[in-house]
Every structure is written in C-alpha cells, then in structure tokens.
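One structure below.
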Amino acid sequence: MSITATLIGQMITFAILVWFIGKYLWTPMTQMMDDRKKRIADGLAAAERGKHEQELAQHKATQHIKEAKEQAAEILAQAQKRGAEIIEDAKDDAKAEGERLIVAANAEIEQEVHRAKESLRAQVVDITIAAAGKIIKKEIDAKAHGDLLKDVVGQL
Amino acid sequence: MSSSTASEASGPTSVEYIQHHLQNNSIGDGGFWVLNLDTLFYSWLLAGVLMYIAYTMGKKMTADTPSGGQNVLEAIVEFVQQQIRDIFPGSNPLIGPLALTIFMWVFLMNAMDLLPVDLLPQLGQLVGIHYMKVVPTTDLSTTFALALSVFALIIYYNIKIKGPMGYLKMFLFHPFGKYLIPVNIIMTTIEEVAKPISLGLRLFGNMFAGELIFMLIALLGGASLYGLLPQIALGTVWAIFHILVISLQAFIFMLLTIVYLGMAHQEIDEH
C-alpha cells in the first residue's frame, strides 16, 4: 500500500486514454452537438421567417380580395348604369321611329286622298263632258269648251 | 457475497481476511519498482471499455436520431462542457477530453467497488491468483498517477500562460506582496503541492474506506449465521450510499482538475 511503479503505467494509460477520448468521442461529439444547436437555431429562425412571410402574404391576399370585390362592385354598377342607358336609348329610338312611321303614314294617307280626289275630279270632268255632250250634242265642241269645263271642275 | 465469505471464514481470522484483501497482486523487488498487476489489469480493462464505447459511439452517432447510448454520452459530455464553461476561463482544447476522461474513467474504476468484495478475488483463487484488489482507485499509484498528471499540466500551463518569470513571481509575491517573500515562497509552495496531494489522497481515502467497510460488512455474515441478515441489510444500504460516493468522487476529481487548470490559466494579479 504505497506508491509504486504502477504509477508510471497508470500515467501512460491516462495520457493515451485522454488522447483517444479526445479524438474519437469529445471532438466529434461536441462538434456534432454544436452543429445541431446551430441547425436547430437556424430552423427556428427559418420557421419564424416563414410565419412572418405567411402573415404578410395573407395580408396581401386579403387586400387583393378586397380590391377585387370593390372592382367587381364598380363594374356591376357601371354595367347597370349602361344597361339603363341602353334601355333609355332604345325607348327614345322606338318613340322616334313610331312618330316617324305615323308621320309617313299620315303623308301617304294624304297623298292617297289627294290622288283619289284627282282621279275623282278627272272622272267628274269626263262624266260632265259626257253628260254635257249628251245634253247639248254637237253644239259643244269638246276641244273648244274643254278649258271652260276644266276650270269648272277645278272649282269643285 | 455471503456464501463465499462463509466458506472462507473457517480459515483465516478477520484480520487475516482483511489483510489478504488489501494485498495487491504485484511483481517486483519491493520499494518503488513494483507493478501492481491487478490494478493495471482492471484499470486497463476499464480504459479499454471506455475506448470501445468512445470509438463505436463516435462512429455511429447521428445528429438527427440520437438513441439510447448516444443520449447518455451526450448528457455526460454536455454536463462536463457546462462545468468547464462555468469554471474555466478562456478555452483550451485539452481541458474537455481531460475532464471527460477523468470523470468517466474514475467513475468506472470506483464502480468496481460495487461488485461483491469477494466475487472477483474468489474467482481468481479458482484459477490460482491468490491476491487481487479489484478497485484500481484504492491503489495510491492510480490516484497519484491521475493527480500528478494533473499537477504536471498545472505547472505546464502556469509557465505557458504566465511565462517562467510570471510563475516565479507568483511564488515570490503571492499572497502577501513583496515584503514577505520568504513567507510567500513557503505559502505558495504548500498551496501548489497540496493540490496533487489532496486530489490523490481524497480519492484514495474515500474509495479505500468504502472498500474497507464493504469488507467489514462481508465479515458479519462470515462470523455467524445470525450475521447474515445484518450483512445483507447493511451491505445494501452501504452499496446504495456508495453509488453516491463513487459518482461524487469522480465528479470532485474532475471539477478540481478544471478549477486548478483554470487557476493556471489566469494571468497573475499584481499586488
């Protein structure tokens, strides 16, 4: 139970053991743990960043939707306005066309009346001449008295 | 534990039994030049176990899916790292492996104490080995091998960090300033020499006493059949308590190593 040369053997063993454990366990393991720590920190940071970006994107998306809704409402309002305008125009057109048609019809009717009157006048002249001829046979020259008769008929 | 002791009790007396257990299996011509084969065998065996664990774990460890053994080792490594971070100023690539090795190796050597005191020696008897001390840390050679290695590192780093003159100044002007140089030299020398001695003797004393108490408890059952019950009860209690002691001693040795080397790494403060 005293210090012996075993001491030297143990010191050498100790030195080798320290070297071995340093090389094969401590260095790789602390390295790995540091790497892992860094990776976890990076991952958490990335997750945080992703969350932030997602929030931003969501915000943007809501804004887009809001804008789109506003635009749609605007377009709808415009379309309604335009539709009302078109209907209004069509109504005006129809009214104008109707009036035009009425005017044209009236004109035609007047023309027809006029034409009927003319033909009646002509026929009356003819009939009158014929009747007068029959009445004053031979005494009246159709040519000589034609103008006179026409004048009479004109006064009808 | 009990049966082996009982069979032996008829032979040697209690004193002989204990003396027999305290005898190293050694070769050499006495004095310093003696090799304690049992101490060397068990410490090398445990060093081999540590190397095997370190090598296989170092090869197959993964960062993503750590499993059983790797978790345990990571916990130990992280624990040692934390101690170093708390105590050690600056950084030194040697201090980590050194502290880890001391902690694990001393723990394993101490843990041999938990095996029944007669188990391995009795097995040795069967193959013709008559003396065997199983716990390497109950051998002063082992504890002082560690303590002196640490001491050598303390001196080396003192000189490296403070410079030869700085180290000399520490002896001359510490702790009482320049007017008490002779006292300073004595005080600092005692302070420095006390470091390895306290390191080596603390571990040795604790483990030796623990082993001795295990032997005394083992003798209880050997004395008579009535001793069997107290032997089992006391042996259990002491073994459970000893789990604390062996861990604590390994931890203290590691911690003091870090503290002493940390002190060696500090620049000298002028008085």
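Remember, predicted model here, so these are calculated numbers, not experimental data. Scope of the values below: all heavy atoms of this structure, side chains included, with no hydrogens, waters or symmetry mates. Here is the naming used below: chain letters follow the sequence lines, and residue numbers restart at 1 for every chain.
- The contact between B/L148 and chain A is made by backbone and side chain atoms together, counting heavy-atom distances below 4.5 Å.
- Looking at A/M29, the atoms closer than 4.5 Å to chain B (heavy atoms on both sides) sit in the backbone and in the side chain alike.
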Checklist entry - Are B/T101 and A/W19 close enough, and set up right, to give a side-chain contact (heavy atoms from CB on, under 4.5 Å), and what steps lead you there? => result CA-CA 9 Å; B/T101 306; A/W19 169 80; over 6 Å; no

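- Applying the 6.0 Å contact sphere to CD of B/Q82 captures more than 12 heavy atoms from other residues, nucleotides or ligands.
- The two residues A/M11 and B/S149 make their nearest non-hydrogen contact at CG-OG, 3.5 Å.
- Under the 4.5 Å side-chain criterion, counting only non-hydrogen atoms from C-beta, B/D64 is in contact with A/R39.
- When heavy atoms are compared at a cutoff of 4.5 Å, B/W105 approaches chain A solely by way of its side chain, counted from C-beta outward.
- Both the backbone and the side chain of B/L35 come within contact range of chain A, with heavy atoms under 4.5 Å apart.
- When all heavy atoms of A/Q10 and B/S43 are compared, the closest pair comes out as OE1-OG, 2.9 Å.
- Between B/M104 and A/I21 there is a side-chain heavy-atom pair separated by less than 4.5 Å.
- With a 4.5 angstrom heavy-atom cutoff, A/I12 does not touch chain B via any of its atoms.
- The CD atom of B/E78 sits 5.0 Å away from atom CE of A/M33, with the distance rounded to the nearest 0.5 Å.
- For B/Q70, the parts lying near chain A are the backbone and the side chain together; criterion is any non-hydrogen pair under 4.5 Å.
- Atom CE of B/M51 sits about 10.0 Å away from atom OH of A/Y24, to the nearest 0.5 Å.
- Judged purely by atom type and a 3.5 angstrom limit, A/T6 has no side-chain atom pairing as donor or acceptor with the backbone of B/S141.
- To the nearest 0.5 Å, the span separating CH2 on B/W44 from CD1 on A/I16 amounts to 9.0 Å.
- The distance from atom CG of B/L146 to atom OG1 of A/T13, rounded to the nearest 0.5 Å, is 9.5 Å.
- With a threshold of 4.5 angstrom between heavy atoms, B/T143 does not approach chain A through any atom at all.
- Put simply, the side chain of A/F14 reaches to within 4.5 Å of the side chain of B/L98, judged on heavy atoms.
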Next on the checklist: With salt bridge (Lys or Arg N to Asp or Glu O under 4.0 Å) as the criterion, how do A/R36 and B/E74 come out once you've worked through the C-alpha distance, each side chain's angles and the decisive distance to 0.1 Å?
Outcome noted: CA-CA 12 Å; A/R36 181 166 56 198; B/E74 273 185 26; 2.5 Å; yes

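- Judged by distance alone, the side chains of A/T30 and B/Q81 never bring a donor and an acceptor atom under 3.5 Å apart.
- The number of heavy atoms from other shown groups lying within 6.0 Å of CD (A/E110) does not exceed 12.
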Next on the checklist: Would B/I53 and A/L25 count as a side-chain contact (heavy atoms from CB on, under 4.5 Å) here? Give the steps.
Outcome noted: CA-CA 9 Å; B/I53 292 171; A/L25 182 64; over 6 Å; no

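- Looking at every heavy atom in both residues, A/I3 comes nearest to B/F32 through O-CD1, 3.6 Å.
- Interatomic distance, OH of B/Y55 versus NZ of A/K23, reported as 9.5 Å (0.5 Å rounding).
- Shown here for B/G96 and A/W26, the closest heavy-atom pair between the two residues is CA-CZ2, 3.4 Å.
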